[in-house]
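What you see below is based on every heavy atom in this structure, not just the backbone, and it leaves out hydrogens, waters and symmetry mates. Bear in mind that the values here come from a model prediction, so they are computed numbers and not experimental data.
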Amino acid sequence: MIMVCLIELKKPEVILNCNKFMDKVDRTDQFLYWIYVLFFTQIIKMVVESFFLRIEVFSLNIYILYKTDCKHNNSKPWLR
C-alpha cells in the first residue's frame, strides 16, 4: 500500500507578486507583438512592391531609350 503525504508549501512573496501583475505584462506583450507583426509585414510588403515597380519602370525606360536610339540611327529595331 502506498502512502501519500501532502505537504503544504508556501510560495515566496516574489512569486505571488509576479503572478498578481502578470496579466498586464501579458497584455502588453500581446499588444507589442501585434504592432510588430502588422508594422513589419506592411513594411516588407511595401519594399517588395517597390522593388518590382522599379524593375518594371526600368525595363520600360530601357525599351523607350532603345526605340529612340533606333529612330536617331535609322536602324531597324529588333523588337517590334
Side-chain angles (χ1 to χ4, degrees):
M1 183 170 193
I2 299 175
M3 302 259 319
V4 177
C5 193
L6 296 176
I7 301 173
E8 186 176 324
L9 297 174
K10 289 190 172 188
K11 293 181 182 177
E13 190 69 28
V14 174
I15 302 297
L16 291 173
N17 285 336
C18 181
N19 290 339
K20 183 176 171 183
F21 299 110
M22 195 60 178
D23 184 49
K24 293 178 183 175
V25 172
D26 287 341
R27 295 283 180 212
T28 306
D29 287 344
Q30 288 174 358
F31 180 70
L32 291 174
Y33 173 75
W34 282 111
I35 288 176
Y36 171 80
V37 167
L38 293 175
F39 185 70
F40 286 110
T41 54
Q42 291 300 320
I43 285 180
I44 290 171
K45 184 179 178 182
M46 288 181 342
V47 166
V48 168
E49 287 177 358
S50 171
F51 174 75
F52 285 112
L53 179 70
R54 287 174 187 220
I55 296 269
E56 186 177 340
V57 169
F58 291 160
S59 62
L60 183 65
N61 285 340
I62 289 172
Y63 179 72
I64 290 170
L65 286 172
Y66 173 73
K67 293 290 273 187
T68 56
D69 186 51
C70 287
K71 284 182 182 178
H72 288 297
N73 294 333
N74 293 329
S75 63
K76 289 185 177 179
W78 289 9
L79 304 172
R80 292 185 187 229

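- Y36 and V47 fall within the same hydrophobic cluster, where Ile, Leu, Val, Met, Phe, Trp and Tyr residues are linked whenever their side-chain heavy atoms come under 4.5 Å apart, directly or through other members.
- Note on L38 and F31: separate hydrophobic clusters, where clusters join Ile, Leu, Val, Met, Phe, Trp and Tyr whose side-chain heavy atoms are under 4.5 Å apart, directly or indirectly.
- Follow the hydrophobic side-chain contacts under 4.5 Å out from I43 and you reach V37 in the same cluster.
- How far CD1 of I64 is from CG of L60: 4.0 Å, rounded to the nearest 0.5 Å.
- Between Y33 and D29 there is no side-chain heavy-atom pair separated by less than 4.5 Å.
- Cluster annotation: V48 and I55 are assigned to the same hydrophobic cluster (Ile/Leu/Val/Met/Phe/Trp/Tyr, side-chain heavy-atom contacts under 4.5 Å, transitive).
- Taking CG of N61 as the start and CD of E56 as the end, the distance is 11.0 Å to the nearest 0.5 Å.
- Side chain of S50 to main chain of M46: no donor-acceptor pair is present (N/O by atom type, distance under 3.5 Å, no hydrogens or angles).
- Residue W34 is grouped with residue F39 when hydrophobic side chains (ILVMFWY) are merged at heavy-atom distances under 4.5 angstrom, including chains of intermediate members.
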